[in-house]
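Presented below is the structure to which this report refers.
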Amino acid sequence: MALLLGVDTGGTYTDAVIMRDEHEVIASAKALTTRHDLAIGVGEAVRAVLVQSGVAAGDIGLASLSTTLATNALVEGQGGRVALIYIGFRERDLEAHGLAAALKGDPSIVLSGGHNHAGAEAVPLDEDALCGFLAEHGAGVGGFAVAAQFATRNPAHELRAMALVAELTGRPVSASHQLSAKLNGPKRAMTAVLNARLIGMIDRLIGRAEDTLIDLGVCAPLMVVRGDGALISSAQARERPIETILSGPAASIVGARWLTGACDALVSDIGGTTTDVALLQGGRPAIDPAGARVGPYRTMVEAVSMRTTGLGGDSEVHFLTEGLVGGVTLGPRRLLPVSLIAMDAPKMVHRVLDAQLRSTLPGEHDGRFVRAVAGQTIEGLGARETTLLERIGEAVHPLGDVLHNRIETGALRRLVERGLVQVSGITPSDASHVLGLADAWDAEAARKALALFGRRRTGAGDRLAPTPEAMAQMIVAQLQHQTALALLEAAFAGEDAGFDGEPEMLARHVLMQRGLGGHRGLLRIDTGLGVPVIGLGASAGTYYPAVGVRLGTQMILPEHAGVANAIGAVVGRVTMRESGTVTSPSVGKYRVHLVEGPMDFGDAEAAMAHLEGVLRARAVAAADAAGAVDVQVNVSRDARTAGVEAREIFVEAEMTVEAVGRPRVAQG
């Protein structure tokens with residue numbers, strides 16, 4: 001009998017389950033995610049599930065972690081300060097391909113260097129300029145990203161840049177050729193930037209999680225869920241944290257399949273920060289061929305085909321001022337619910353809310369609070385951000401007391417993006433407490449905050465909502481509406497019928513929306529989803545039944561839906577993929593592109609055989625390092641040829657070797 005521990009750290013809750021032999025859930029538990037130190041929440045959840053199960057910590061044979069931390073950080077624009085070393089490209093590429101936006105003011109340099117398509121050096125690397133850049137910025141960033149032109153054909157310049165970064169700064173460095181074997185330098189550069197931004201965050205999480213498990217007596221090896229649902233070792237995740245984007249959502253799909261046995265369905269997982277929608281086809285999650293997209297960023301990370309929307313139980317509620325009626329919309333930013341922050345500072349929060357309710361005129365910052373997140377690195381802060389952070393200190397404050405002028409709003413936003421500060425305001429979680437759908441936190445504080453929000457005036461001069469209950473119902477209805485739109489968008493994106501238009505436009509089209517209501521007139525319009533929806537997440541049972549009715553489909557809410565991510569974390573498989581390319585730079589020459597540099601052969605099959613041997617060895621070694629047993633190897637080839645004078649000429653071939661095995665379970 002093997003006992004397996006699965007843990008998922010979400011934006012609001014950390015979940016833990018203990019399973020027996022991947023067949024039975026023995027116990028599950030939740031604890032609040034502790035953003036300032038995620039390991040505290042991990043420890044509380046694991047401690048609770050051990051007590052509930054009666055299992056001894058030393059009997060756990062495998063521990064596995066899935067996390068939405070990387071996903072949430074990218075959606076919310078958080079992460080450490082990084083620098084980009086961009087070799088062999090043009091300065092304007094930074095703007096054209098979104099890299100400047102992703103850097104958000106972090107330093108970058110465009111250097112001479114790079115290789116050509118065949119792997120030969122195009123221009124020598126400008127090492128003098130690189131050394132000057134490192135001397136100037138090495139102390140002010142948490143890590144470096146390196147991307148060189150055609151580095152997947154020859155990574156020599158990336159390797160040299162990495163060596164100089166290590167020698168002159170000692171900072172961690174992410175190289176694009178180590179993250180993807182595909183062409184498209186700007187996209188690889190984006191992936192490297194995001195990986196560098198996440199390294200410190202994921203490293204702290206995994207390191208603290210391992211220490212916490214050992215302190216509790218769990219000595220089993222720790223695995224981490226990758227973005228495609230496969231398992232990797234904790235050491236591998238620390239080196240390549242970008243691969244954990246969509247880790248939590250991928251685990252939820254694996255968990256949904258295990259919980260329901262469904263073959264074809266949409267899986268919708270609502271968390272505190274995001275709603276993640278994916279498609280199960282034939283019992284397997286669809287993989288995004290273009291690379292994982294999270295928020296505004298398209299990466300080259302192989303991951304489940306997932307649409308991630310900034311919509312969750314803790315989404316910010318915005319007042320719509322357009323038109324006479326008024327209304328609300330939600331997200332994409334996450335706020336700390338008022339009902340939750342009131343648990344930490346009850347006297348101050350209630351005193352402030354009561355004073356704001358006594359005021360005859362609504363204030364701009366009514367019902368909003370702010371606090372700093374302890375234990376975060378603060379390098380690279382400007383003077384205004386530093387002053388504001390010092391003013392906030394260690395206490396919870398009303399937001400209006402902290403912001404002295406409008407200019408400081410930008411400084412606050414940057415502190416939030418860096419993960420140094422949390423803002424509290426009303427969220428759907430507060431609405432649920434007001435309506436009696438949840439009772440974990442301070443419902444009275446939520447009621448006061450919603451009363452303040454409902455006092456806002458619409459274009460017609462009326463109050464937005466007459467009571468906190470009416471305000472709460474408006475917020476919940478909006479969450480259900482935006483959830484339905486997210487599901488429709490995912491369905492249109494995965495539809496093979498070839499509709500003309502973007503999924504966002506099609507989901508909102510008047511005919512689609514009228515059809516959901518069963519329009520009857522001169523026209524009869526009926527629309528809806530053609531597959532069931534599996535609803536996951538702690539609040540799915542609260543919000544999703546009405547969504548199923550709205551979309552005219554079966555809404556499956558399985559037992560243990562609230563901990564599906566944690567279940568998926570331990571029922572996955574270790575899967576390692578290694579890819580490589582063979583090109584033909586001239587007739588009769590076949591070039592294998594390797595990390596060590598290009599290698600030429602006089603025969604195509606000899607080149608392919610050598611590449612397969614190298615990739616097979618790497619994939620099996622990576623699977624073994626991840627703790628896999630019973631490893632099976634699959635090889636796929638994609639060769640491209642061209643017809644020339646009635647002959648087939650070899651052009652290029654791509655090969656992928658996949659090593660798959662079960663995670664090794666320690667024997668107690």
Side-chain angles (χ1 to χ4, degrees), residues 4-9 22 38 42 61-71 172 174-175 178-181 191-192 194-196 198-199 201-210 213 220-255 285 287-288 291-292 294 299-304 306 565-579 615-634 656-666:
L4 314 174
L5 170 67
V7 180
D8 174 73
T9 61
E22 297 185 11
L38 293 170
V42 169
L62 175 72
S64 188
L65 174 72
S66 72
T67 175
T68 59
L69 178 61
T71 306
S174 298
Q178 295 178 333
L179 299 170
S180 176
T191 306
L194 299 179
N195 191 68
L198 294 169
I199 279 179
M201 188 181 294
I202 296 295
D203 187 69
R204 285 191 298 272
L205 167 62
I206 293 174
R208 290 281 292 120
E210 287 179 323
L213 291 176
L222 179 65
M223 308 293 287
V224 179
V225 180
R226 204 167 56 194
D228 61 355
L231 301 180
I232 55 178
S233 71
S234 59
Q236 290 165 332
R238 291 169 108 158
E239 291 176 2
R240 297 160 72 143
I242 189 68
E243 293 190 353
T244 70
I245 62 172
L246 301 180
S247 162
S252 76
I253 301 173
V254 176
I287 300 296
D288 192 338
V294 183
T299 72
M300 297 194 85
V301 176
E302 194 165 73
V304 293
M306 176 83 64
N565 297 37
I567 291 171
V570 286
V571 297
R573 290 290 179 266
V574 174
T575 303
M576 292 294 162
R577 298 182 190 89
E578 292 288 339
S579 298
L615 297 181
R616 181 184 289 266
R618 286 185 192 161
V620 171
D624 182 66
V629 295
D630 301 331
V631 174
Q632 305 293 317
V633 177
N634 304 304
T656 298
V657 175
E658 185 178 81
V660 183
R662 295 183 296 106
R664 185 180 294 112
V665 177

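Nothing here was measured: the structure is a model prediction, and the numbers come from that model. Values below: all heavy atoms of this structure, side chains included; hydrogens, waters and symmetry mates excluded.
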Residue list, salt bridge (charged side-chain N to carboxylate O under 4.0 Å, His left out) with E658, at least two apart or on another chain: R577
Residues which pass side-chain hydrogen bond (donor to acceptor under 3.5 Å, both in side chains) with S174, listed by chain and number, not counting sequence neighbours: N195
Min side-chain heavy-atom separation L38-R208 under 4.5 Å: no
Separation of M223 CE from Q236 CD (nearest 0.5 Å): 7.5 Å
With sequence neighbours excluded, residues passing salt bridge (charged side-chain N to carboxylate O under 4.0 Å, His left out) with R616: E612
Counterpart residues, side-chain hydrogen bond (donor to acceptor under 3.5 Å, both in side chains), relative to T575 (two or more places apart): none
Partners passing salt bridge (charged side-chain N to carboxylate O under 4.0 Å, His left out) against E22 (at least two apart in sequence or in another chain): R573
Residue pairs passing the salt bridge (Lys or Arg N to Asp or Glu O under 4.0 Å) test where at least one lies in residues 243-253, sequence neighbours excluded: R240-E243
Partner set under side-chain hydrogen bond (donor to acceptor under 3.5 Å, both in side chains) for T9, not counting sequence neighbours: T67
Heavy-atom closest contact (A250 atom, G229 atom, distance): CB-N, 3.4 Å
Least distance between heavy atoms, I253 atom then P285 atom: CG2-CB, 3.7 Å
Qualifying residues under side-chain contact (heavy atoms from CB on, under 4.5 Å), relative to V225, sequence neighbours excluded: S64, S66, L231, S247, A251, A569
Euclidean distance, I202 CD1 relative to L65 CG, rounded to 0.5 Å: 8.5 Å
Minimal non-hydrogen separation, A625 against S233, with atom names: O-CB, 3.7 Å
Taking every non-hydrogen atom, the tightest pair across L5 and V570: O-CG1, 3.2 Å
side-chain contact (heavy atoms from CB on, under 4.5 Å) involving S252 - partner list, sequence neighbours excluded: D269, L536, N565
Minimum side-chain heavy-atom gap D624-V631 below 4.5 Å: no
Any residue meeting side-chain contact (heavy atoms from CB on, under 4.5 Å) with A175, in chain and number order, not counting sequence neighbours: E158, M162, H177, Q178
Partners passing side-chain contact (heavy atoms from CB on, under 4.5 Å) against S234 (at least two apart in sequence or in another chain): I206, E210, L222, V224
Test side-chain hydrogen bond (donor to acceptor under 3.5 Å, both in side chains) applied to D203 - qualifying residues, sequence neighbours left out: R238
CG-CD1 distance between D8 and I567, expressed to the nearest 0.5 angstrom: 11.0 Å
